[in-house]
Structure formats: C-alpha cells, structure tokens
Amino acid sequence: MTRISQAALPRRFYARRADEVARELLGCVLLRRYRRSLLAGRIVETEAYVGEEDQACHARSGRTKRNAVMYGPPGHAYVYFIYGMYDMLNVVCQPAGKPEAVLLRALEPLDGVETMRRLRGVAGHPKRLADGPGKLCRALAVTRRQNGIDLLGEQLWIASGALAASESVQRSARIGVDYAGVDAARLLRFFIGGNEHVSRLPASRRRRPQR
DNA sequence: CTTGAGATGCCCT
DNA sequence: GGGCATCTCAAGA
C-alpha cells in the first residue's frame, strides 16, 4: 500500500486554467476504488485542452451531448469513447461554463499492479501497463460509466504528490491532434522527463534520443 | 528494432 | 458517412 496521503485534491485545484492543472498534476497520484481493491498510479504524462478557441479541444464547436461535462463544474471526470474501442479519462478544469480539461495519458503503477495486469490482459513490466491514455483507462477500469463523476468522491480521485529533485517537467505538442491547425503545435503536453512510464510516441514522430 | 494495417462504435458535419 | 485526444499484432530487416 502506498504511504503517501490519499486525500483528494480540493475543488479549487481544478478551478484554474487547464495548462496549469496539467503541469501540476505531474507527480500526483490517481486513485481508483474497484471492487474492494485500491488501484493507484503516479501521473507522469498529461495534456491540456483549453476551451472553444482551441481547435484540438472537443469544445471547439460548442457544447454538445458528448462534451457537456466539460462545461460543468471543475473536479469532475470527463470520459469519452474513441476509435470504437478506447475510453479516455480527463479532469474538468475552470469554473462551470469554461470548457477546459486535462487528459491523463500515463501512469506509473503504484498499487494494485496485479489487478491492473488482469484488467489489461497482459503480463510483463509495469511500465507497459498504463503508458497511454487508452491503456490507463483499461488498467483502472475506467469507462464511460464514470463520465461526469465527482473527483472528490469515493470511486476515483487524485491525491497530491511531488516531483523528485532529479525530475523535471518537459513539454511537447499534443499527440494525435494534427488536424488542429496552429493549435496542433502548442506545447500543451506535459510529462516527466526521462520517466519510463511515459507513453511511447509513434515511431514516425520519435526523435533520436538526445545525449 | 521498425512499420503498417485493422479493429470497431459513436458523435457530429 | 467521415473521422477520431489509440492500441496490438504480425511481418520485415
């Protein structure tokens, strides 16, 4: 069992710009109550989606049935289904009416690793268990059933955490939003530099490891 | 190690 | 009906 505090971050943490929240979520711990077990992972990669003006954001065409939760109060889960197969977990930011959110893209598994493996249907190293937004949802049994739930509640919440002195925040363009024109280039993806649990980019986008 | 294709369902133009 | 904030597997080198 993890020894860090499991207290949920307060509502005001989320009631800010999504890019600030995305950066500060790095190192925090996502907790999931699932059938009597507690699953936990350290957040190592996020992306900010920053409102109707952001051409990569689901709110770019205004409020719809799918994105309605983003327009609601902060500190709630926005979970949507994509590619016919995967769910994506976001946390809603900003006060109600301002549709911003942070996509949780990768975790370093801390607790409940065996359950995560079972949910994912894979064996092997924990660094492959939740190193991508679709895998993260599978590993924590998060689906559209959780869309709209309060992150200050009982089944899914985030506790504070910190970066080690040796860790640094890195930024890049967001993944998979090439259609978004100039917004595709904005540096709204945040990750812990060098962390092994960060998602692997498609080879076509990968750069040579810097030395 | 790499690349490419296929899976698969729902929202919204 | 297009396209999507993805992933896995198989095959090649």
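The shown structure was predicted, so the numbers you read here are calculated from the model rather than taken from an experiment. Just so it is clear, the values below take in all heavy atoms, side chains as well, and ignore hydrogens, waters and symmetry mates. Order of the sequence lines fixes the chain letters, A, B, ..., with proteins taken first and strands second; residue numbering starts at 1 for each chain.
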Parsed dot-bracket for DNA chain C after applying the Watson-Crick and G-U rules with both distances under 3.5 Å and | for other-strand partners is ||||.|||||||.

Taking only Lys NZ, Arg NE, NH1 and NH2, and the carboxylate oxygens of Asp or Glu, determine whether A/D87 and A/R145 approach each other closer than 4.0 Å.
-> no

Nearest-angstrom distance from the residue atom CZ of A/R144 to C1' of B/dG9 | 8 Å

Would you kindly give the NZ-to-C1' distance between A/K65 and B/dC10, to the nearest whole Å?
-> 10 Å

Side-chain heavy-atom pair A/L152, A/W157 within 4.5 angstrom cut-off = no

Taking only residues two or more places apart in sequence or in another chain, which ones pass ring-ring contact (aromatic ring centres under 6.0 Å, His included) with A/Y71?
-> none

Only counting residues at least two apart or in another chain, list the ones meeting salt bridge (Lys or Arg N to Asp or Glu O under 4.0 Å) with A/R16.
-> A/E20, A/E24

Give the table of side-chain donor-acceptor pairs shorter than 3.5 Å for residues 96-104 of chain A, with sequence neighbours excluded, one pair per line with atom names and distance.
from, atom 1, to, atom 2, distance (Å)
A/E100, OE1, A/A18, N, 2.9
A/E100, OE2, A/Q94, NE2, 3.2

For B/dC12, does either OP1 or OP2 sit under 4.0 Å from a side-chain N or O belonging to A/S61?
-> no

According to the interplanar angle, ranging from 0 to 90°, do the rings of A/Y80 and A/H58 count as parallel (below 30°), tilted (30 to 60°) or perpendicular (above 60°)?
-> perpendicular

What one-letter contact string describes nucleotides 2-8 of chain C from 5' to 3', where B marks a base within less than 4.0 Å of any protein heavy atom, S marks contact via sugar-phosphate atoms alone, and - marks no contact?
-> --BBBBS

Could you pull out all donor-acceptor pairs under 3.5 Å where a side-chain atom in residues 41-48 of chain A meets a protein atom, sequence neighbours excluded?
from, atom 1, to, atom 2, distance (Å)
A/R42, NH1, A/E167, OE2, 3.2
A/R42, NH2, A/A162, O, 3.0
A/R42, NH2, A/E167, OE1, 2.7
A/E45, OE1, A/S199, N, 2.8
A/E45, OE1, A/S199, OG, 3.0
A/E45, OE2, A/R105, NE, 2.8
A/E45, OE2, A/R189, NE, 2.9
A/E45, OE2, A/R189, NH2, 3.2
A/E45, OE2, A/S199, OG, 2.9
A/T46, OG1, A/A22, O, 2.9
A/E47, OE1, A/Y49, OH, 2.6
A/E47, OE2, A/I175, N, 2.8

For A/Y78 and A/N147, work out which heavy atoms get closest and say how close.
-> CA-OD1, 3.4 Å

